[in-house]
Amino acid sequence: METDAGADNDARARGAAELRDATAEDGSDDAADVFVPVTFDGPDLAAVAEHWGVDVPAVRHKLTSTRFRVAFCGFAPGFPYLTGLPAELALPRLATPRPRVPAGSVALAGPYAGIYPGASPGGWLLVGRTDLVLFDVAADPPARLGPGTTVRMVAA
């Protein structure tokens with residue numbers, strides 16, 4: 001039998017999730033967005049600019065003006081696959097993955113942007129880095145960016 005406090009908590013959680021989902025769908029409330037401070041200095045930033053046919057400041061502008069949404073998490077605990085880039089900006093993965101990508105690396109591959117929550121191998125193009133902690137087993141929830149979360153990159 002559920003307690004009244006438990007039922008209240010469940011109702012609040014459902015209401016918050018519904019509000020978050022509605023806000024994310026209509027895009028009307030920036031307060032629901034998670035702002036990720038990014039230093040755009042990744043080793044592949046110039047290659048991304050070349051692939052897109054723009055200069056580096058235009059890459060920064062495209063990434064900071066896009067409202068991303070976490071489609072799903074995977075590959076590593078807390079790794080968010082962010083959708084929102086136009087299809088024409090999809091990028092190929094590296095031919096040979098790097099043996100170690102630093103934690104906090106902001107990366108692009110295919111139609112996705114992603115942020116490495118911890119150091120790991122990886123084949124995505126690195127465009128920047130953030131100090132935002134994305135995964136902490138002691139936190140509740142442990143993943144900072146869960147499916148459905150809207151994300152805005154801002155220049156650090």
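Numbers for residues simply follow the sequence, beginning at 1. Just so you know, these numbers come straight off a predicted model, no measurement behind them.
Looking at every heavy atom in both residues, A156 comes nearest to T39 through CB-OG1, 3.6 Å. Among all heavy-atom pairs drawn from C73 and G146, the shortest one is SG-CA, 4.3 Å. In this structure, P117 and F135 approach most closely via the heavy-atom pair CB-CB, 4.1 Å. The shortest heavy-atom contact between H51 and L91 is ND1-CD2, 3.2 Å.
With rounding to the nearest 0.5 Å, the separation of OG1 in T64 from CE in M153 is 9.5 Å. D44 CG to L94 CG: the interatomic distance, rounded to the nearest 0.5 Å, is 5.5 Å. Here the CZ-CG distance, from R144 to L134, works out to 9.0 Å after rounding to the nearest 0.5 Å.
At least one donor-acceptor pair under 3.5 Å links the side chain of T66 to the backbone N or O of K62.
Side-chain contact check for F68 versus L85: some heavy-atom pair is nearer than 4.5 Å.
Below 30°, between 30° and 60°, or above 60°: for W124 and Y112 the angle between ring planes is below 30°, a parallel geometry. Using the six-membered ring where Trp is involved, F72 and Y81 have ring planes that are parallel, under 30° apart on the 30 and 60° scheme.
Shown here are the side-chain contact (heavy atoms from CB on, under 4.5 Å) partners of P97, two or more places apart in sequence or in another chain: there are none.
By the 6.0 Å contact criterion, CG on D41 is enclosed, its count of non-hydrogen atoms from other residues, nucleotides or ligands being greater than 12. By the neighbour-count criterion of 12 heavy atoms within 6.0 Å, atom CZ of R60 is densely surrounded, having more than that number from other residues, nucleotides or ligands.
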